[in-house]
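Labels below follow one simple rule: chain letters A, B, ... track the order of the sequence lines, proteins then strands, and each chain is numbered from 1.
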Number of protein chains: 2
Amino acid sequence: MKQTARAADDGLKLSAWLPYRLFLVAAQVARPLESFYGETFGLSQAGWRILAVIAERDAANASEIGRACALDPFATSRGIGQLTELGFAVRRASKSDRRFAAVSITRSGRTAFSRIAALGSAIETRLLARLSESERTTLDSALTRLEGESARIDTGGWRALLEDAGAP
Amino acid sequence: MKQTARAADDGLKLSAWLPYRLFLVAAQVARPLESFYGETFGLSQAGWRILAVIAERDAANASEIGRACALDPFATSRGIGQLTELGFAVRRASKSDRRFAAVSITRSGRTAFSRIAALGSAIETRLLARLSESERTTLDSALTRLEGESARIDTGGWRALLEDAGAP
DNA sequence: CACAGATAATTGCATAGTGCAAGTACTATG
DNA sequence: CATAGTACTTGCACTATGCAATTATCTGTG
């Protein structure tokens with residue numbers, strides 16, 4: 001996690017490498033939640049994410065949903081399909097432009113969401129309990145910038161990364 | 001990211017939920033790296049993680065490797081198999097206990113690792129450049145505690161989570 | 001020493017998830 | 001009114017994952 005990285009840095013230590021550390025926390029924390037909504041509702045990860053999005057944002061179309069939870073159009077379509085099969089969501093074609101379908105959460109979808117969200121909040125609470133108030137504030141604002149930078153890294157692709165490392 | 005979460009919290013907002021935010025940064029940042037080592041070397045995610053582990057820790061056996069990069073024995077075995085096929089690693093049965101196989105990185109494995117690590121370091125550098133020195137320090141120590149807590153959350157499973165949320 | 005019971009790692013196979021080409025249904029535009 | 005473009009959706013091949021069963025090996029006990 002040192003800042004003075006050379007272009008060819010063999011000293012990368014997985015357990016100290018920031019992206020791996022973030023991944024590890026996210027993966028470990030996602031596992032119990034996933035097995036909960038998987039066993040209880042037969043929901044996939046994409047399904048849960050979409051459910052969370054339509055719970056707070058009614059009548060969104062597929063691409064809005066996809067953008068909000070970082071899913072490609074295929075995964076989004078399948079996730080919505082899963083939710084409608086489970087009775088957790090309904091699709092209604094838009095009146096003005098029938099290519100768009102407004103997706104809404106159903107009552108039973110909201111019930112399922114509440115139960116998963118309770119577990120999700122419990123996880124977050126457990127994590128935040130390990131941090132001081134000022135650490136939470138710092139983490140919040142740091143994460144906002146990391147989200148922005150990681151999005152740029154993603155869209156740039158690996159060639160762009162090597163370019164600015166090679167010619168800084 | 002509020003601390004006062006009730007047992008049944010409907011107000012979970014995906015984009016503000018700490019585990020999702022960590023996941024998002026990790027996933028966005030992993031994508032260009034993955035396509036690099038995938039296209040260039042035909043390496044899987046597990047393969048890359050194992051390569052990083054054996055680059056810094058010679059002659060480790062499969063379970064040590066698995067522990068070090070959070071892979072189950074199946075994925076570890078398959079990852080090592082991939083690395084040996086690519087000529088990036090060799091297995092040698094241990095002299096003292098032939099159930100164990102010591103896995104070592106080869107010269108070409110180290111070359112591949114160097115090239116991937118360069119990209120990995122470039123990514124980390126880009127991320128850290130967005131943070132101040134004190135933010136880096138805070139993030140480092142906060143992440144250490146989050147890693148510990150997430151490991152406990154993972155091993156406890158979802159039932160344990162609902163119990164201590166229900167009876168705090 | 002034999003041999004039941006661990007342990008480390010691997011393999012087979014069924015199932016689940018992903019990526020992409022192609023398709024449908026619709027709208028906008030010259 | 002053909003053409004192009006948009007918003008999904010589906011089918012299919014391929015990949016990954018989870019888990020039972022297997023192999024090979026070692027250890028403790030009578």
Side-chain angles (χ1 to χ4, degrees), chain A residues 23 27-28 30-32 34-50 53-54 59-86 89-104 154 157, chain B residues 23 27-28 30-32 34-35 37-39 41-50 53-54 59-86 89-104 154 157:
Chain A
F23 163 81
Q28 284 180 331
R31 206 145 26 201
E34 254 181 79
S35 56
F36 173 69
Y37 59 62
E39 290 167 23
T40 313
F41 303 110
L43 220 54
S44 67
Q45 211 216 59
W48 147 242
R49 263 145 77 178
I50 294 168
V53 167
I54 62 176
N61 62 49
S63 29
E64 289 170 332
I65 292 170
R67 215 173 309 122
C69 51
L71 292 170
D72 60 61
F74 310 110
T76 307
S77 173
R78 283 171 176 138
I80 295 170
Q82 180 182 65
L83 290 176
T84 57
E85 266 178 42
L86 291 169
V90 284
R91 282 189 247 233
R92 263 189 318 275
S94 157
K95 256 299 163 48
S96 57
D97 187 336
R98 292 163 50 77
R99 288 173 301 181
F100 295 88
V103 179
S104 299
D154 188 16
Chain B
F23 162 82
Q28 285 179 332
R31 208 148 21 207
E34 253 180 82
S35 57
Y37 60 61
E39 289 167 24
F41 304 109
L43 222 52
S44 67
Q45 211 216 61
W48 146 241
R49 263 146 76 178
I50 293 169
V53 168
I54 61 177
N61 62 50
S63 28
E64 288 170 333
I65 292 170
R67 217 172 308 123
C69 52
L71 292 171
D72 60 58
F74 310 110
T76 308
S77 173
R78 282 170 177 139
I80 296 170
Q82 180 182 66
L83 290 176
T84 58
E85 266 178 42
L86 292 169
V90 284
R91 280 190 247 234
R92 262 189 318 276
S94 157
K95 255 293 161 54
S96 57
D97 187 335
R98 293 162 50 76
R99 287 173 302 180
F100 296 88
V103 179
S104 299
D154 187 14

Exercise. Locate the shortest heavy-atom distance separating G79(B) from I50(B); write the atom from each residue and the value.
Key: CA-CD1, 3.7 Å

Quiz prompt | Minimum heavy-atom distance L71(B)-A46(B), with the two atoms named | solution = CD1-CB, 3.9 Å

Hey, can you pull the donor-acceptor pairs under 3.5 Å for the side chains in residues 62-70 of chain A, sequence neighbours left out?
{"from": "S63(A)", "atom 1": "OG", "to": "N61(A)", "atom 2": "OD1", "distance (Å)": "3.1"}
{"from": "E64(A)", "atom 1": "OE1", "to": "N61(A)", "atom 2": "N", "distance (Å)": "2.9"}

Self-check item: Donor-acceptor under 3.5 Å (T76(B) side chain, D72(B) main chain)
Solution: yes

Quiz item: How sharply is the helix from dC1(C)-dG30(D) to dG30(C)-dC1(D) bent, taking the axes over five pairs at either end and rounding to 10 degrees?
Solution: 10°

Quiz item: Is it the case that more than 12 heavy atoms not belonging to R98(B) sit under 6.0 Å from its CZ atom?
Solution: no

Quiz item: Within the side chain of Q82(A), is there an N or O that forms a donor-acceptor pair under 3.5 Å with the backbone of L43(A)?
Solution: no

Exercise. Hey, could you give me the CZ/CZ distance between F36(A) and F41(A), rounded to the nearest 0.5 Å?
Key: 5.0 Å

Quiz item: Are any side-chain N or O atoms of S77(A) and backbone N or O atoms of P73(A), one a donor and one an acceptor, separated by less than 3.5 Å?
Solution: no

Quiz item: Does any N or O in the side chain of T84(A) come within less than 3.5 Å of the main-chain N or O of G81(A), such that one atom is a donor and the other an acceptor?
Solution: yes

Are any protein N/O atoms closer than 3.5 Å to N/O atoms in nucleotides 20-22 of chain D? If there are, list each pair with its distance.
none

Quiz item: Using a heavy-atom distance cut-off of less than 4.0 Å, which residues of residues 89-102 of chain A contact DNA chain C?
Solution: S96(A), D97(A), R98(A), R99(A)

Quiz item: Quick one: do the R49(A) and Q45(A) side chains pair a donor with an acceptor below 3.5 Å?
Solution: yes

Quiz item: Residues from residues 61-73 of chain B sitting under 4.0 Å of DNA chain D, heavy atoms only?
Solution: D72(B)

Self-check item: Shortest non-hydrogen contact from A59(A) toward A102(A)
Solution: O-CB, 3.8 Å

Quiz prompt | Nucleotide interval of DNA chain C bounded by contacts with chain B (heavy-atom cut-off, under 4.0 Å) | solution = dT7(C) to dC13(C)

Quiz item: Taking all non-hydrogen atoms of both residues, which atom of P32(B) and which atom of Q28(B) are closest, and how far apart?
Solution: CD-O, 3.2 Å

Exercise. Kindly give the heavy-atom pair with the smallest separation between I54(B) and A89(B), and that separation in Å.
Key: CD1-CB, 3.8 Å

Quiz item: What are the two closest non-hydrogen atoms of S104(A) and R92(A), and how far apart are they?
Solution: OG-NH2, 3.2 Å

Quiz item: To the nearest 0.5 Å, what is the distance between CG (L83(B)) and CZ (R91(B))?
Solution: 9.0 Å

